[in-house]
Peer 1: 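Got a structure here, written out as structure tokens. Questions coming.
Sequence lines set the chain letters: A, B, ... in the order given, protein chains first and strands last, and positions in each chain run from 1.
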Amino acid sequence: MDELREILTGGQSFSWSEEADCFSAVLNERVYRVKKEEDFYQDSFLKAYYDLDFDYSTARAEISKKDELLKQAVENFPTLRILRQDPWITLISFILSQNNNIKRIKGLYDKLCVNYGHEVEKGYYSFPTPKELERVTISELRELKVGFRDRYIMDAIEKADILKGLEALSYDEAEKRLMSITGVGKKVASCILLFGYHRMEAFPIDVWIKKVLNTYYPGKELSYFEPYPALCQQYLFSMARFIKL
DNA sequence: CACCAGGCCGTGC
DNA sequence: GCACGGCATGGT
């Protein structure tokens, strides 16, 4: 279950909770419970969510050839993948993520669900829609301990319509529109485009990746990671957290 | 006490 | 355009 833990709770999604014998998430108006990779094959929603159509084996082979660190990464996380998440959920999730750590982001995510989402099964709450958050006040958000991100969330709720139609745009144009939301900079935008729109050309640069790039790839251009920038980035992110640079 | 976490904003140059 | 301080919160 270790690798599944990295994929589901390692920082690309905050929807999943680890329970005694499974991982659970409220998505698509119901609770999903999974224990292993194969559990994703049984349900059409989870199949798409788990990105089963992408040719990961070809990508892994190519990425392994690049260098020793990426080779180790592929060995350590043999079934790593980029989840196909809901754009709205990724927008708010990654606003919450800034200058924050994964454990606390998850805590804030859950508070939003319990306070503003709806119960789809006893004790399980959906992530609130823009409409459910329509009447939220900035002071209510501050009480949930989102901190300085309160006004960013407010702006995101107001501008939620920006998310519609981004699929059709070029990466740069979509990024530009996302960055018109206060609190969405280049890094958060790249996470939304990657995890919410499956834009595999994204390369989110956070504090972990900065350390990896400085330590293992000094002077290298990002084009080094072509043609799988997002996957290389995700492998390196997992490695950085895994090996604790 | 310090420093850090899937950063960004506002200001000053 | 780039550098820098501030920012809420909780953990180490």
Peer 1: Base, sugar-phosphate alone, or nothing: which one does A/Gly11 contact when heavy atoms must sit under 4.0 Å apart?
Peer 2: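 Base, at least one base atom sits under 4.0 Å.
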Peer 1: For A/Tyr152 and A/Ile205, find the nucleotide of DNA chain B closest to each by heavy atoms; which residue's nucleotide sits nearer the 5' end?
Peer 2: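 The 5'-side residue here is A/Ile205.
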Peer 1: Using atom names, set out every protein N or O paired with an N or O of nucleotides 9-12 of chain C below 3.5 Å, distance rounded to 0.1 Å.
Peer 2:
{"from": "C/dT9", "atom 1": "O2", "to": "A/Arg104", "atom 2": "NE", "distance (Å)": "3.2"}
{"from": "C/dT9", "atom 1": "O2", "to": "A/Arg104", "atom 2": "NH2", "distance (Å)": "3.4"}

Peer 1: B/dC8 P sits how many Å from A/Asp155 CG, rounded?
Peer 2: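 It works out to 14 Å between those atoms.
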Peer 1: Can you check the A/Gln85 CD to B/dG6 P distance for me, whole Å?
Peer 2: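 So the CD-P distance, A/Gln85 to B/dG6, works out to 16 Å.
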Peer 1: Considering only atom C1', compute the distance from B/dC1 to C/dG10 and round it to an integer number of Å.
Peer 2: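 Approximately 16 Å lies between the C1' atom of B/dC1 and that of C/dG10.
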Peer 1: For the P atoms, the ones on B/dC4 and on C/dG5, what distance do you get once it is rounded to whole angstrom?
Peer 2: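 14 Å, rounded to whole Å.
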Peer 1: What is the distance, to the nearest angstrom, from the CD1 atom on A/Ile92 to the P atom on B/dG6?
Peer 2: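 Rounded to whole Å, this separation is 19 Å.
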Peer 1: Considering residues, nucleotides and ligands other than A/Asp55, do more than 12 of their heavy atoms fall under 6.0 Å from its CG?
Peer 2: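 Yes, CG of A/Asp55 has more than 12 neighbouring heavy atoms, counting only those of other groups under 6.0 Å.
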Peer 1: Can you measure A/Lys106 atom NZ to B/dG6 atom C1' for me and round it to whole angstrom units?
Peer 2: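 Nearest whole value for this atom pair: 16 Å.
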Peer 1: I need the NZ-P distance between A/Lys187 and B/dA5, as an integer number of Å.
Peer 2: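 So the NZ-P distance, A/Lys187 to B/dA5, works out to 12 Å.
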Peer 1: How are the rings of A/Tyr49 and A/Phe40 set to each other: parallel, tilted or perpendicular (split at 30° and 60°)?
Peer 2: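 Parallel, since the angle between the ring planes stays under 30°.
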Peer 1: Assess whether atom NZ of A/Lys36 is packed by more than 12 heavy atoms of other residues, nucleotides or ligands within 6.0 Å.
Peer 2: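 Yes - once you tally the heavy atoms of other residues, nucleotides and ligands closer than 6.0 Å, there are more than 12.
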Peer 1: So what does A/Glu143 hit on the nucleic acid, given a heavy-atom distance under 4.0 Å: a base, only sugar-phosphate, or nothing?
Peer 2: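 Nothing, no heavy atom under 4.0 Å.
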Peer 1: Provide the distance between the two P atoms, one in B/dT11 and one in C/dA8, to the nearest whole Å.
Peer 2: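 Nearest-Å result for B/dT11 against C/dA8 at atom P: 14 Å.
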Peer 1: Look only at the side chain of A/Trp88 and the backbone of A/Pro128, and say whether a donor-acceptor pair between them is shorter than 3.5 Å.
Peer 2: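 It does hold such a pair.
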Peer 1: Starting at atom CG of A/Leu194, determine the distance to atom C1' of B/dG6, rounded to an integer number of angstrom.
Peer 2: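 Computing the A/Leu194:CG to B/dG6:C1' distance gives 11 Å.
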Peer 1: Rounding to a whole Å, what distance do you find between A/Glu175:CD and B/dC8:P?
Peer 2: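 To the nearest whole Å, that distance equals 10 Å.
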Peer 1: So with a 6.0 Å cut-off around NZ of A/Lys66, is the heavy-atom count from everything else above 12?
Peer 2: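 Result for NZ/A/Lys66: enclosed.
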Peer 1: Please give the distance between the C1' atoms of B/dC3 and C/dG6 as a whole number of Å.
Peer 2: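 My reading of the C1' atoms in B/dC3 and C/dG6 gives 16 Å.
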Peer 1: Is there a path of hydrophobic side-chain contacts, each under 4.5 Å between heavy atoms of I, L, V, M, F, W or Y residues, that connects A/Tyr116 with A/Tyr124?
Peer 2: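 No.
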Peer 1: Which of parallel (below 30°), tilted (30 to 60°) and perpendicular (above 60°) describes A/Phe14 and A/Tyr109?
Peer 2: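 A/Phe14 and A/Tyr109: tilted rings.
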Peer 1: Applying the 5.5 Å / 30° rule, does A/Phe94 stack onto the base of B/dG6?
Peer 2: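 The ring of A/Phe94 is not stacked on B/dG6.
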Peer 1: Can you tell me, in whole Å, how much space there is between the P of C/dC2 and that of B/dA5?
Peer 2: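 My reading of the P atoms in C/dC2 and B/dA5 gives 24 Å.
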Peer 1: Whole-Å distance between B/dC9 C1' and A/Met179 CE?
Peer 2: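 Whole-Å distance recorded here is 11 Å.
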Peer 1: So if I apply the ring-ring contact (aromatic ring centres under 6.0 Å, His included) rule between A/Phe203 and each of A/Tyr217, A/Phe225, A/Tyr224, which one comes out positive?
Peer 2: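 That would be A/Phe225; it is the only one of A/Tyr217, A/Phe225, A/Tyr224 passing the ring-ring contact (aromatic ring centres under 6.0 Å, His included) with A/Phe203.
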Peer 1: For A/Phe14, answer base if it contacts any base atom (sugar-phosphate contacts may also be present), sugar-phosphate if it contacts only those atoms, and nothing otherwise; contact means non-hydrogen atoms under 4.0 Å.
Peer 2: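 A/Phe14: no heavy atom of the nucleic acid under 4.0 Å.
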